[in-house]
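Since this is a predicted model, take the numbers as computed values, not measurements. What's counted below: heavy atoms across the whole structure, side chains too, no hydrogens, waters or symmetry copies. A, B, ... follow the sequence lines: proteins, then strands. Residue 1 opens every chain.
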Protein chains: 2
Amino acid sequence: MPRTKPAKSVKSAPKWRRRPEHRPQQIIEAALEVFGECGLANARLQDIAERAGVSKGTIYLYFPNKEELFREMVRQTAVAAIEYAERTVGSGTPTEQLYVAMRGYWNFVRSPVFSTIYRLVLGELHQFPDLAKFYADEVVSRGLKLLSGIIRKGVDAGEFREIDPMIAARMLVALTVMNGIWRDEYTGVPLLCDKKDEQVFQEVAQFYLHSITPFAGCSAQADGAPSDTTLFIPSNND
Amino acid sequence: MPRTKPAKSVKSAPKWRRRPEHRPQQIIEAALEVFGECGLANARLQDIAERAGVSKGTIYLYFPNKEELFREMVRQTAVAAIEYAERTVGSGTPTEQLYVAMRGYWNFVRSPVFSTIYRLVLGELHQFPDLAKFYADEVVSRGLKLLSGIIRKGVDAGEFREIDPMIAARMLVALTVMNGIWRDEYTGVPLLCDKKDEQVFQEVAQFYLHSITPFAGCSAQADGAPSDTTLFIPSNND
DNA sequence: AAATAGTTACTGACCAGTCAGTAATATACT
DNA sequence: AGTATATTACTGACTGGTCAGTAACTATTT
């Protein structure tokens, strides 16, 4: 039975707008927040919907289910970041390239996006094998390949010591990821809370470079060459 | 209304035994498995009960709720491991002590207990602030204190380069934890699956020691002194 | 018999996913 | 221009199932 039209609709105050173009992005952003706060398994679609400013049903117009929503979220963040990195670390000496990569990686790790994703990956992804496979292939493998390629060039050029590039890449990822996560102190771990982002990055960078440079901390200091790893750390020290 | 006593019980075949001494441990062990498989939020008390060979209600005789059960689990594993480490790294040069600590830490990280705990800590603990606080104080802080103390002695003795011991300890934890988790490949991350535990440990140890020794990879090699970090890696290479 | 250890059935809250209905926009017709 | 009609985007109450925690009862031990 048809509605009794109450009055002419007031053009200026619709309860909601149709915005089919924007919905998926809105929902993914909300999902990122909520997944990050509650975990993958624990996040409620209702909350995601509210934060996106839509109703729960709307989510199902754009995503078949929760898992696919998560997958799409990863695609738009982690995979996009990797692709960006692959495009942008191209030029310069291996040392310069590595620095660019480290800096970019750190920035990514420090973004709210990453800490969320990595917590989910580490904490819950083993419950979703196909999601885990997806992440391993699209993010982990590609990231290690990118980094180890740079390191290999550095080793060949004599800028880094003889070290298996894949191992070195893995160590870099380990240092960056863990420090990034700790820095993030999702709770109150009194670990790095009082340090600035930039400082933690420098600590990681110096430690790492010390381990892969051929003559770190040694005679190079004596013969006047700029030996310290601080050499290629820019001076945005505030 | 009072029960009608059916008959005398047959003494020789009790359906179950009272074992109040064993229950808590049984339950914790089962919880460790189930939490590890399902995550903290997703684990079902019913499953834990079944795996422990008791009924769900029994759990509530010994633990007030799920969270406290988890807390007790952490107490009995991580805290116990730290305490053990605090007791056992006492003697020898700082380098030797550090090696013992690294080895012990690696063994712990590689135990099934740890990967479970760390996944939970990283993935879900921020949802439980008081648990997070507990973990930060009882495990993280104590662990870092132990490691940084050893490193400080090494720096003072000139065995390690000048480095903030707290930073160095953090980096060691980062390397150990991440490699331990990856090695564990809870899913199918094609990262370290084909390597042996011992090999991964050596990779981590060599990389780390290279970064904290004063003259790593440098002239020390030339003057006949045993310079390489493999020096203090025992030969249980199988 | 009393005390203690354990079980089972139940409750109330919670949530992913669905679907009948409604509001906003587009189009066709005056 | 306005008005009727069709189409699409979106809503939110509902369903079916799950599970933590509880209460009422039963078995074992002393």
- request: Would you please test Glu138(A) and Arg142(A) for salt bridge (Lys or Arg N to Asp or Glu O under 4.0 Å) and show each step?
  value: CA-CA 6 Å; Glu138(A) 294 298 312; Arg142(A) 280 175 75 173; 3.5 Å; yes
field: Interatomic spacing from OG in Ser111(A) to CD1 in Ile117(A) - rounded to 0.5 Å
entry: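 These two atoms lie 8.0 Å from each other.
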message: I'd like to compare against my own output: the B/S/- annotation of nucleotides 7-14 of chain D with a strict under-4.0 Å heavy-atom distance to protein.
response: -BBBBB--
With distance as the sole test, does [X] use its side chain to make a donor-acceptor pair with the main-chain N or O of [Y] at under 3.5 Å?
{"X": "Arg170(A)", "Y": "Met178(B)", "result": "no"}
{"X": "Tyr208(B)", "Y": "Met171(B)", "result": "no"}
{"X": "Ser148(B)", "Y": "Ala169(B)", "result": "no"}

message: Counting only heavy atoms and a strict 4.0 angstrom limit, can you tell me which residues of residues 28-47 of chain A come near DNA chain C?
response: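 Hits under 4.0 Å, by residue number: Ala43(A), Arg44(A), Leu45(A).
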Using whole Å, report how far [atom1] of [X] lies from [atom2] of [N].
{"X": "Lys66(B)", "N": "dT22(D)", "atom1": "NZ", "atom2": "C1'", "result": "17 Å"}
{"X": "Leu69(B)", "N": "dG21(D)", "atom1": "CG", "atom2": "C1'", "result": "14 Å"}
{"X": "Glu21(A)", "N": "dA24(C)", "atom1": "CD", "atom2": "P", "result": "19 Å"}
{"X": "Glu68(A)", "N": "dG17(C)", "atom1": "CD", "atom2": "C1'", "result": "16 Å"}
{"X": "Phe63(B)", "N": "dA20(D)", "atom1": "CZ", "atom2": "C1'", "result": "16 Å"}
{"X": "Tyr60(B)", "N": "dA23(D)", "atom1": "OH", "atom2": "P", "result": "13 Å"}

- request: Please determine which of Ile150(A), Thr88(A), Leu146(A) meets the side chain to side chain contact (heavy atoms under 4.5 Å, CB included) test together with Gln97(A).
  value: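 Considering Ile150(A), Thr88(A), Leu146(A), a side chain to side chain contact (heavy atoms under 4.5 Å, CB included) with Gln97(A) is found only for Ile150(A).
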message: I need the full list of ring pair (Phe, Tyr, Trp, His ring centres under 6.0 Å) pairs touching residues 50-80 of chain B, with sequence neighbours left out, sorted by first then second residue.
response: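 Pairs touching residues 50-80 of chain B that pass the test: Phe35(B)-Phe70(B).
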query: Does any non-hydrogen side-chain atom of Arg44(A) lie less than 4.5 Å from one of Val34(A)?
result: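 They are not in side-chain contact.
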- prompt: Any salt bridge between Glu67(B) and Arg71(B), counting N to O under 4.0 Å?
  reply: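 The answer is yes: the pair qualifies as a salt bridge.
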- request: Only pairs at least two apart or in different chains count here, so list each salt bridge (charged side-chain N to carboxylate O under 4.0 Å, His left out) that has a residue in residues 20-35 of chain B.
  value: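 The answer is Glu33(B)-Arg51(B).
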task: Check whether any side-chain nitrogen or oxygen of Lys15(A) sits under 4.0 Å from OP1 or OP2 of dA23(C), and answer yes or no.
output: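 Checking Lys15(A) against dA23(C): no side-chain N or O falls below 4.0 Å of OP1 or OP2.
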message: Pairs counted only when both distances fall under 3.5 Å, Watson-Crick or G-U: show me the 5' to 3' dot-bracket for DNA chain D, [ ] for pseudoknotted crossings and | for other-strand partners.
response: ||||||||||||||||||||||||||||||
message: Give me the atom names and distance for the closest heavy-atom approach of Ile27(B) to Thr58(B).
response: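 Taking Ile27(B) first and Thr58(B) second, the nearest heavy atoms are CD1-O, 4.5 Å.
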- prompt: Nearest heavy-atom pair of Ala101(B) and Leu147(B): which atoms, and what distance?
  reply: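 Heavy atoms of Ala101(B) and Leu147(B) come nearest at CB-CD2, 3.9 Å.
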Polar-atom pairs under 3.5 Å, protein N or O versus N or O of nucleotides 15-17 of chain D: list them with distances, or write none.
none

query: Which word best sums up how the rings of Tyr105(B) and Phe114(B) line up, parallel for under 30°, tilted for 30 to 60°, or perpendicular for over 60°?
result: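 Rings of Tyr105(B) and Phe114(B): perpendicular, over 60°.
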